[in-house]
Amino acid sequence: MTEADASSSRPLPGFLDLMAADPAYSACPEARLADLRARCPVHADPVTGHVLLARHADARRLLNDPHLWRHPSRAAPESLFYRFTELRPVDPTVPAGERTSILMLDQPDHLRIRAPLQKAFHARVFRARPLVEDVVERVLSGLADRHAFDLVSELAVPVPIHAIARILGVAPERQEEFRQWSESIILTLNPLRSAEQDAEALAATDALHAHLAELMALRRRAPADDLVTDMVQAQAKGAPLSDREIMINLTALLVGGNLTTTDLIASGVKLLLEHQEELARLKADPALATAAVEETLRMEGPIDFTVRIAPAPMTIAGVPVAARQPIFALLRAANRDPEVFPDPDQFRLDRHVAGAAPHVAFGGGAHSCIGAALARLEGRIVFQKLFAVFPDLRLEESAPVYRSLPGFRGLARLPVLTRPE
Ligand code: HEM
């Protein structure tokens with residue numbers, strides 16, 4: 001049998017072969033994704049009923065298509081994606097905007113809620129540099145005397161949590177509680193969570209919603225310089241948002257933003273420490289932190305895939321897609337597509353020059369990540385300040401351990417040493 005025969009008789013990787021809990025996938029996601037992209041870039045997976053897109057051009061086109069749907073309840077009932085609704089069955093007596101955040105919401109509610117949130121949030125992020133610098137400096141100053149630490153739990157986790165707490169307007173004395181709620185709410189991202197974890201996540205969501213309701217009432221009486229004030233004022237000026245919609249979507253900023261930014265920071269530091277020439281360039285020219293963030297997002301994007309649903313039959317590169325079939329853009333595969341990124345497995349800061357093809361780590365179109373600018377800002381500031389405080393930082397062990405959360409790529413821990421050998 002020739003090599004070509006062998007490769008064509010091997011089963012194609014399906015959606016369930018792209019799960020972080022699978023040790024072979026986790027050890028090298030690229031091997032499986034490159035195989036799929038080479039043999040069947042538009043793959044109708046018979047096991048899950050999902051269509052998988054592994055090429056950059058197909059993924060980009062899908063994300064930018066404004067006609068597609070998002071909520072799992074609109075998917076074909078026989079598809080795996082539809083089964084996500086079983087965890088939280090849709091209650092038709094609750095208005096759509098109060099059932100789910102913008103992350104899974106369809107039009108017209110999605111735009112009605114996203115537009116005022118995006119306007120207020122982006123204006124805050126635009127002015128957030130001093131705040132994020134302060135957060136990063138405080139965390140780093142707590143580590144200054146340490147010879148060794150776990151960069152995930154001691155730097156990459158606290159930075160995004162403290163940054164979003166301060167943008168929202170959480171009082172300093174409530175930030176420890178806020179940190180605990182944030183970490184528990186993240187459990188909702190795991191569709192395979194246990195009943196116990198689900199109960200913990202629900203309790204944390206209720207506690208956070210109660211705190212946000214308190215803050216909203218407070219800010220209506222006494223406005224402050226924070227996002228909660230922006231949202232209640234937008235509502236008072238006529239933005240068509242209920243209090244519950246504001247709470248759900250401010251909570252979505254934590255769910256969408258904290259773990260992902262943690263993963264960006266930890267993966268980026270690991271990549272830089274593994275590529276000493278690129279790190280030396282960054283140390284010599286801290287402005288390259290922008291390129292380091294973009295190259296990390298391309299090589300080790302925190303989210304492996306995102307989904308859209310076909311409202312009507314369509315074809316993608318000649319492959320028929322049925323009405324209500326879920327279509328997954330494999331962001332990770334798209335970001336290593338050699339058609340768009342030559343030598344895609346090389347970590348190279350010089351790729352990110354004006355006019356270069358953009359990665360799709362933040363998705364795209366109507367649902368594109370609302371927190372991209374904040375994540376980029378946090379990443380840049382951490383990369384600049386970390387290596388200024390610890391110029392001799394190095395990895396303590398070479399075998400990385402990744403978390404097993406499906407669809408996410410992030411280090412469970414990253415032990416580092418701060419002194420030279
Ligand atoms: C490196 C960090 C991050 C990555 C890789 C990331 C990635 C993504 C991706 C892939 C999507 C789905 C896009 C789509 O389906 O087209 C998304 C949506 C979203 N992200 Fe992020 N994200 C990050 C950080 C953040 C931050 C910091 C926040 C908020 C503080 C945030 C909040 C959200 C929200 C609310 C959505 C839903 C947007 C919508 O559906 O309209 N994310 N993100």
Side-chain angles (χ1 to χ4, degrees), residues 53 59-66 68-72 81 97 100-107 109-118 120-122 124-125 128 131-132 135 156 159-168 182 185-186 188-189 227 245-246 248-268 292-309 326-332 334-335 358-383 407-410:
L53 307 185
R60 172 64 78 200
R61 211 169 298 122
L62 180 90
L63 297 170
N64 287 344
D65 187 335
L68 305 180
W69 293 332
R70 189 83 156 105
H71 196 273
F81 187 51
T100 177
S101 76
I102 54 170
L103 187 63
M104 285 294 161
L105 203 58
D106 285 303
Q107 306 305 356
D109 298 291
H110 176 261
L111 190 61
R112 170 177 64 78
I113 296 172
R114 176 160 169 147
L117 176 67
Q118 175 170 311
F121 184 52
H122 283 185
R124 291 246 145 235
V125 172
L131 180 157
V132 174
V135 165
V159 164
I161 293 181
H162 288 299
I164 198 71
R166 284 177 54 179
I167 288 172
L168 285 171
S182 303
I185 285 172
I186 281 171
T188 55
L189 293 172
L227 186 62
E245 286 170 345
I246 295 179
I248 292 177
N249 286 286
L250 293 180
T251 304
L253 300 182
L254 272 59
V255 177
N258 288 352
L259 188 66
T260 45
T261 311
T262 292
D263 294 342
L264 162 67
I265 292 171
S267 295
V293 167
E294 297 313 312
E295 185 61 346
T296 304
L297 289 164
R298 186 194 70 78
M299 285 272 294
E300 280 286 12
I303 298 193
D304 278 4
F305 42 74
T306 187
V307 63
R308 299 291 188 268
I309 299 162
I327 311 163
F328 279 77
L330 303 181
L331 306 176
R332 198 176 182 82
N335 285 337
H359 59 71
V360 287
F362 289 119
H367 285 277
S368 74
C369 178
I370 204 171
L374 178 60
R376 287 179 156 128
L377 180 66
E378 292 177 26
R380 278 201 303 274
I381 293 174
V382 168
F383 293 167
F408 290 77
R409 175 83 170 162

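All ligand and atom numbering here is 1-based and tracks the order in the structure.
Looking at atom 23 (C) of ligand 1, its nearest protein heavy atom turns out to be T260 OG1, 3.4 Å. When only non-hydrogen protein atoms are considered, atom 10 (C) of ligand 1 lies nearest to A361 O, 3.5 Å. Atom 26 (C) of ligand 1 has as its closest protein heavy atom G257 CA, 3.2 Å. Nearest protein heavy-atom contact of atom 32 (C) of ligand 1 is I370 CG2, 3.8 Å. Scanning all protein heavy atoms for the shortest distance to atom 36 (C) of ligand 1 gives L103 CD1, 3.8 Å. Atom 13 (C) of ligand 1 has as its closest protein heavy atom H367 O, 3.2 Å. Annotation: atom 16 (O) of ligand 1 to nearest protein heavy atom, R308 NH2, 2.8 Å.
Evaluated by nearest non-hydrogen atom to atom 29 (C) of ligand 1, the leading choice among D304, L253, T306 is L253. Around atom 19 (C) of ligand 1, the closest heavy atom drawn from G256, G407, C369 belongs to C369. With F362, F408, F305 as candidates, the residue nearest to atom 4 (C) of ligand 1 on a non-hydrogen basis is F362.
Panel note: side chain N249, backbone I102; a donor-acceptor pair is recorded below 3.5 Å.
At least one heavy atom of P302 sits closer than 4.0 Å to an atom of ligand 1. Not a single heavy atom of R376 lies less than 4.0 angstrom from ligand 1. Within the 4.0 Å heavy-atom cutoff, L331 counts among the residues contacting ligand 1. Put simply, no part of M104 is less than 4.0 Å from ligand 1, judged by heavy atoms. Residue contacts with ligand 1 do not include L254, since none of its heavy atoms lies under 4.0 Å from the ligand.
For a threshold of 3.5 Å applied to N or O pairs, the pair formed by G364 and ligand 1 contains at least one separation below that value. Residue contacts with ligand 1: T261 is placed with no nitrogen or oxygen under 3.5 Å of a nitrogen or oxygen of the ligand (distance criterion only). Any N or O atom pair closer than 3.5 Å counts here, and F121 shares no such pair with ligand 1.
Residue contacts with ligand 1, taken as heavy atom pairs separated by less than 4.0 Å, involve H110 solely via side-chain atoms from C-beta onward. The part of R114 lying near ligand 1 is the side chain, judged by heavy-atom distances below 4.0 Å. Under 4.0 angstrom from ligand 1, the non-hydrogen atoms of L264 all belong to its side chain. Only the side chain of L63 comes within 4.0 Å of ligand 1, judged by heavy-atom distances. For L297, every heavy-atom contact with ligand 1 shorter than 4.0 Å involves the side chain, none the backbone.
Distance check, rounded to the nearest 0.5 Å: CG of L374 to OG1 of T260 gives 9.5 Å. The structure places CZ of R166 at 12.5 Å from CZ of R124, a figure rounded to the nearest 0.5 Å. Atom OG1 in T261 sits 11.5 Å away from atom CZ in R376 (nearest 0.5 Å). Separation of atoms CD (E245) and CG (L117) is listed at 11.5 Å; rounding is to 0.5 Å. Within the model, atoms CZ of R112 and CD of Q107 stand 10.5 Å from one another, a figure rounded to the nearest 0.5 Å.
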For D304 and R409: C-alpha separation, side-chain torsions, deciding distance, then whether salt bridge (Lys or Arg N to Asp or Glu O under 4.0 Å) applies.
CA-CA 7 Å; D304 278 4; R409 175 83 170 162; over 6 Å; no
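Counting heavy atoms from C-beta on, the side chains of P302 and L297 come closer than 4.5 Å. Considering only heavy atoms from C-beta on, P358 stays 4.5 Å or farther from R298 through its side chain. Annotation: side chain of R61 is not in contact with side chain of D65 (no heavy-atom distance under 4.5 Å). The shortest side-chain heavy-atom distance between I370 and L253 falls under the 4.5 Å cut-off. The shortest side-chain heavy-atom distance between V360 and T306 does not fall under the 4.5 Å cut-off.
Proximity to G363 (heavy-atom distance under 4.0 Å) selects the following atoms of ligand 1: 10 (C), 13 (C), 14 (C), 16 (O).
Aromatic ring orientation, F328 versus F305: perpendicular (interplanar angle above 60°, classes split at 30° and 60°).
Using a 4.0 Å cut-off between charged nitrogen and carboxylate oxygen, R70 and D106 do not count as a salt-bridge pair.
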